[in-house]
Amino acid sequence: MNISNSRRIVIKIGSALIAPDQDGCRARYLLTIAQFIVRCRSMGKEVVLVSSGSVAAGAHLFPEDAKNSSVVLKKAMAAAGQTEMMATWDRFFDFPSAQILLTHGDLRDLERYNSIRETIFTLLEHGILPIINENDAVTTDELKVGDNDNLSAMVAAAADADVLLMCSDVDGLYDKNPNLHDDAQLIPQVPDISEEIYAMAGCATSQVGTGGMKTKIEAAEKATSHGISTYIVNGFKESTFEQLLAGNNPGTVFLPYDEPMHSVQHWMTHTASEQGEIIV
Ligand code: GLU
């Protein structure tokens, strides 16, 4: 499945695209992404946006605490940055958007999970763009997903999407870290997510935001097992979105399982999973 023949797409945007200078939201990269969303919708596709960036967008409002990275402060940054981020997205669109803030606690409760699904479906039926983020201002360690890569996969499964597009700061998955090795090769297609694939991801993380290549592969595993084609692409390049609209793969695509898990089985395996711990 590619963008041209998809029906419902979840697009995940990382913090570095929203607030590249950690100094409030910037249109620099978002304009191209917003145009891509508009074009997908005009082609009849339904789009759900998972947007990171509340902490990065809110950081500039706390200048005296620039070196303080306490959890309490990050929650305050998230609360303040979230409205700035929503306002920024809203400026690009002449159709309405809606904010949904979630925690892992909401997703792993089946009743709340179904309620989230209903809300997403109702918004889509009415042509409203759902914009989803983790509710960072209220989460605790036990309640949070922690990174929006995994959150976007849970959302893609909940929304019955057929494509998950993770916009990153690299072109896709490489066989070794491209920042350290000049001869690193981009892997265009991953049919199976094995230990070897996880090893290729190493522990590279983003400078802004929480995720890295490892969380993207975890997300790809969650999404592909639900039958969702999952892409990692470079969100900083305009050509990425032109290629996607032409039905091409500008990054790495993780192919969906031939026999995807049933929805409830998927929810139990990948969403309800990490509930508590046993200490012996
Ligand atoms: N929810 C976080 C935020 O909006 C981002 C998490 C992530 O970077 O994956 O700042």
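In listed order, ligands and their atoms are each counted from 1.
Between C167 and I13, the shortest heavy-atom distance links the atoms SG-CD1, 3.9 Å. Across all their heavy atoms, H270 and M154 have their closest contact at O-CE, 3.7 Å. Annotation for Y231 and N249: closest pair CD2-OD1, 3.7 Å, computed over non-hydrogen atoms.
Within the cation-pi definition used here (under 6.0 Å to the ring centroid, within 45° of the axis), R41 qualifies as a partner of F95.
Taking a cut-off of under 4.0 Å to the non-hydrogen atoms of D147, the atoms of ligand 1 that pass are 9 (O).
Considering backbone and side-chain N/O of S51, none are found under 3.5 Å from N/O of ligand 1. Geometrically, ligand 1 and G53 share a nitrogen or oxygen pair separated by less than 3.5 Å. Ligand 1 has a nitrogen or oxygen under 3.5 angstrom from a nitrogen or oxygen of D136. The shortest N/O to N/O separation between K12 and ligand 1 does not fall below 3.5 Å.
At a heavy-atom cutoff of 4.0 Å, ligand 1 is contacted by both the backbone and the side chain of V55. With a 4.0 Å cut-off on non-hydrogen atoms, N148 touches ligand 1 through its backbone as well as its side chain.
In this structure, F36 and F241 have tilted ring planes: the angle between them lies in the 30° to 60° band.
With hydrogens and angles left out, the side-chain atoms of D192 and S194 include no donor and acceptor closer than 3.5 Å.
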